[in-house]
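Throughout, a chain's letter reflects where its sequence line sits, starting with A, and its residues are numbered from 1. Given the structure is predicted, the values throughout are model-derived calculations rather than measurements.
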Amino acid sequence: MQEKYHPQSIEAAAQAHWNQTRAFRAVEDPAERHGKPKYYCLSMFPYPSGKLHMGHVRNYTIGDVLTRWHRMRGYNVLQPMGWDAFGLPAENAAMQNGVPPAKWTYDNIAYMKQQLQSLGLAIDWERELATCTPRYYKWNQWLFLRMLEKGIAYKKTQVVNWDPVDQTVLANEQVIDGRGWRTGALVEKREIPGYYLGITKFADELLAALDTLPGWPERVRTMQANWIGRSQGVRFAFPYTLDGKAEKLWVYTTRADTLMGVTFVAVAAEHPLATLAAQNNPALAAFIEECKRGSVMEADIATMEKKGLPTGIFVEHPLTGRQVEVWVGNYVLMGYGEGAVMAVPAHDERDFAFAKKYGLPIEQVIAQGDATYSTDAWQEWYATKEGVCVNSGRYDGLGYQDAVDAVAADVEAKELGGKQTQYRLRDWGISRQRYWGCPIPIIHCETCGSVPVPDDQLPVVLPEDCVPDGSGNPLNKREDFLTCACPRCGKPARRETDTMDTFIDSSWYYARFCAADNDAAMVDERTAYWMPVDQYIGGIEHAILHLLYSRFWTKVMRDLGLPGMDRNGGEPFANLLTQGMVLNHIFSCRTEKGGVEYFAPEEVELLRDEAGKITGARRIGDGGTVDYQGIGTMSKSKRNGVDPQSLIDEYGADTARFFMMFASPPEQTLEWADSGVEGAHRFLRRLWAFGAALGQVADTALPATPAASAAPLAVLRREIHLALRQANYDLSRHQFNTVASAGMKMLNALEKAQKEIGADAEGRDTVIGEGFSILLRLLSPITPHITHALWRELGYGNDILDATWPEAEESALVQDEVELVLQVNGKLRGAIRVPASADRAAIEAAALATEEALRFMEGRPARKVVVVPGRLVNIVA
RNA sequence: GCCGGGAUGGCGGAAUCGGUAGACGCAGCGGAUUCAAAAUCCGCCGCCGCAAGGUGUGGGGGUUCGAGUCCCCCUCCCGGCACCA
């Protein structure tokens, strides 16, 4: 056995052993799985951006620890891996260096796969998949066609960011301060046709099923519930007459109790009434044009200056018949709700600000207690639902719910609306005007219109040799792709060139891993065995979109009767661990065109103020200053990712894994710093050295008669089993940093015992041997290579993967005497030792008799003595 | 702006149910070993104080015998906001 720790050779040997024994091949066959319960552990698959970053190492190590821990505890485990391989970065890379996205993607996959393998993850690579292969995306297309048939998929207009110079649709990420990232041109909103998936049809089920997911973090369920945003309100109309015809302007509100306070109505720039009013109003037409500039992002719209212009059109208040003017507001969205909102300036903060700005009337209709209403400044209570109606005629004195009920009944009686349940959730627009994605299987025929591609012609294969240049989708120039025959009439026709949102790819990959090699079906009986995913692990940034889309997609597959999709009540992920982001500093600088260029942290030198706060940075090469953007998620686009490769090359995968787990608990955000790596590596060297010095383990039988609990060997055994008990608890709650700590504590205790307990002490070698075997097994999920080598070298067994998981023994934990903290008036004043069996009275007496108690009670009598068994005694004097 | 989360020594973090704040590491300081260095080992290590002691978990208030933990208010930071993935 090597005296020194050489991670490279140890890790290569362990990985070769796992390959030879096909150690991580998952089996569905009942004959092979020996009645073990299944455990499907899945980490979110990576986008093949080029290199792994620390966020990946964190994510995949967490999954690997859980996988290996469950395997050793007798589960039949599956841990697959694949590639979320379609997406924008491949097109950006193509624009930069002229390489086709396909080649760039496949090269990245090859490199990153080798990086993942060097981490020693217990992955069944035989199930690997990439979403950019026709074998995979054929089933996106197949399921899309099923959704079309069922009316879940449909076509309508969508609003996109349009770059007028490049004549192309921009992703939100490509819009910087309202301008195109490459051209610097002001971005416009443009309406184009696109396909939508009716996720809102599932809104109630998606909301209700959150309560059936106790294995999900509370915060994720809350975020999803808020996102779905079910609200009970009233949908009603403001009638008006146009060219002698009776028309209705519809709005929706959750505050029908404030209806009597409506002083104007605001509509979106794209609303038909706005278009109409603009026809002979040049100022309004110009304003509507202005509204169309800027991005479509909600965050931008919510923070921009609220502006409006009157249309000169009046509608009738549905209850009073009073004339109410219609305004165009830049904050009203056509794509959400009715594209129009009633404005109650007195009781809505946004309407209040808008009314103050344009001098519109503010009329109080809700009162709370004695609070006086003033239009001078907005106050929190103005928006209360706790108050009662005032200045509201027959509704005066009613509370929120009574007022809403009464108003709803009244508009209903006038046939102008009624109660309605609404959702904040919108249908899922899936059309992307991009090349590197899954083609939408539609053929456009002049005669027949949009015709679905027949199943037997699937997949519609994406040509892999295109190179996007930033001016639109290159598929529009590919005659060989475009040209086809109409499936219905046979006449020449054109293929749809829009591709699918890449969230579709990741909405069902977990199901495909179970049947990755099936070319005849999307999923099969093996899916039914493995589903649901028992443990899903991924970044908190996916808390809403990816997870909600996956839940929706699973329910659609379930409704089609596909195998396994009905498991767990149609929910794909039984337990969810949301990993915190790995953050690093971000440095950027503006380009001439108004875009943003990013610099890697190693390319700049930090500038700090007197307090040590970072204010900016200087490029190392040319000394140019760059802006400090604070810290944020490691990402390729921001160039702040840290490649783990140098860490692995220098210290080995076990050190990288151990350090990552030790650095912080998984759910917590982690600011990257490599300052603890040395310590992690030092610990593994000590572990190796201890094993090397221990040599072959001879006898594993513990002494028949346990020593007194104060004897050094009993103390050692207690320390080991105490740390083990804590570590097992910590594993169960996924707090791996303290599991690593427990391993360190065990080694500290073993080293101390070996030094201090004489070699002639009876049972010494067995207790130390037992302790070390517990330590190796405990660490093996985190550092699988070194523990694999030591387990074999010391003769504990052939393969630590087959060892049983250690459990703490109660008999090792007993103590004859315990120490209790002594407090006087809640302040720590000392400690007392009492027999473990001492009762309350005995503890009180012992505490009151101490010198510290007498001193700090200063002659006052004890008014009360609080005894917390096993912990403390507090004398209140 | 809205929704969700976070803040504990110089740094990462620990403290399971409201019960010894700072486990386990990193960095630092002192020592041993060494011709020397690396490596290794031993000790110290929140802040103020010679000590007794006081004080301390982002800031302010509250509940309690006792608060990092519970309640109210505030600040800053992170994630998401539907075309980054």
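Close to B:A85, at under 4.0 Å from its OP1 or OP2, lies a side-chain N or O of A:Thr502. Remark: A:Gln735 is in phosphate contact with B:A15, judged by side-chain N or O atoms under 4.0 Å from OP1 or OP2. Checking the phosphate oxygens (OP1, OP2) of B:G53, a side-chain nitrogen or oxygen of A:Arg855 falls inside 4.0 Å. Between A:Arg871 and the phosphate of B:G18, there is no side-chain N or O to OP1/OP2 separation shorter than 4.0 Å. One finds a side-chain N or O of A:Gln668 lying less than 4.0 angstrom from the OP1 or OP2 phosphate oxygen of B:G13. Regarding contacts with the backbone of B:G80, every side-chain N or O of A:Arg424 stays at 4.0 angstrom or more from both OP1 and OP2. For B:C77, neither phosphate oxygen OP1 nor OP2 lies less than 4.0 angstrom from any side-chain nitrogen or oxygen of A:Thr669. Checking the phosphate oxygens (OP1, OP2) of B:U55, a side-chain nitrogen or oxygen of A:Lys827 falls inside 4.0 Å. The phosphate of B:G25 has neither OP1 nor OP2 within less than 4.0 Å of any side-chain N or O from A:Lys745. Contact annotation: A:Asn737 side-chain N/O to B:G12 OP1/OP2 distance is not under 4.0 Å.
The backbone N or O of A:Trp436 lies less than 3.5 Å from a partner atom in the side chain of A:Glu91, making a donor-acceptor pair.
Using a 4.0 Å heavy-atom cutoff across all strands shown, A:Pro665 reaches sugar-phosphate atoms only and no base atom. Looking at heavy-atom distances under 4.0 Å, A:Gly229 makes no contact with the nucleic acid at all. Counting non-hydrogen atoms under 4.0 angstrom, A:Tyr47 reaches the backbone sugars and phosphates but no base. In this structure, A:Phe683 reaches neither bases nor backbone, as no heavy-atom distance under 4.0 Å exists between it and the strands shown. At the heavy-atom level, A:Lys4 lies nowhere under 4.0 Å from the strands shown. At a threshold of 4.0 angstrom between heavy atoms, the contacts of A:Arg432 include nucleobase atoms, whether or not backbone atoms are also involved. Base contact: A:Thr303 has a heavy atom under 4.0 Å from a base atom. Within 4.0 Å of A:Ser49, counting heavy atoms only, lies no atom of the nucleic acid at all. Counting non-hydrogen atoms under 4.0 angstrom, A:Ala663 reaches the backbone sugars and phosphates but no base. As judged by a 4.0 angstrom heavy-atom cut-off over every strand, A:Arg350 is placed among residues making no nucleic acid contact. Across all strands, A:His542 comes closer than 4.0 Å to base atoms (heavy-atom distances). Using a 4.0 Å heavy-atom distance criterion, A:Val160 is classed as a base contact. Within the nucleic acid shown, A:Leu872 comes within 4.0 Å of at least one base atom, counting heavy atoms only. Looking at heavy-atom distances under 4.0 Å, A:Asp730 makes no contact with the nucleic acid at all.
The side chain of A:Gln823 lies closest to B:U20, out of B:U20, B:G12, B:C26. For A:Arg685, whose side chain is taken as the heavy atoms from C-beta onward, the closest listed nucleotide among B:A39, B:A85, B:G25 is B:A39. Side chain of A:Asn226, nearest nucleotide from B:G4, B:G1, B:C41: B:G4. Between B:C81, B:C84, B:G79, one nucleotide has an atom nearer to the side chain of A:Leu545 than all others, and that is B:C81. Of the candidates B:C84, B:G79, B:G1, B:G79 carries the atom nearest the A:Met223 side chain, counting heavy atoms from C-beta on. The A:Lys755 side chain lies nearest to B:C41 when the options are B:C41, B:G53, B:A23.
With a glycosidic angle no more than 90° from 0, B:C17 adopts the syn conformation.
When each of A:Arg58, A:Gln735, A:Glu671 is tested with A:Ser664 by the rule side-chain hydrogen bond (donor to acceptor under 3.5 Å, both in side chains), just one qualifies, namely A:Arg58.
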* How does RNA chain B read in dot-bracket, base by base from 5' to 3', with Watson-Crick or G-U pairs under 3.5 Å and | used when the partner is on another strand? -> (((((((..(((......[....))).(((((.......))))).(((....)))..(((((..]....))))))))))))....
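Note that A:Arg639 lies outside the cation-pi zone of A:Tyr598, set by a 6.0 Å cut-off to the ring centre and a 45° limit from the axis.
Put simply, the side chain of A:Asn874 and the base of B:C65 share a donor and an acceptor less than 3.5 Å apart.
Taking 4.0 Å as the cut-off between side-chain N and carboxylate O, A:Arg424 and A:Glu298 count as a salt-bridged pair.
Between the C1' atoms of B:G62 and B:G10, the separation comes to 33 Å (whole Å).
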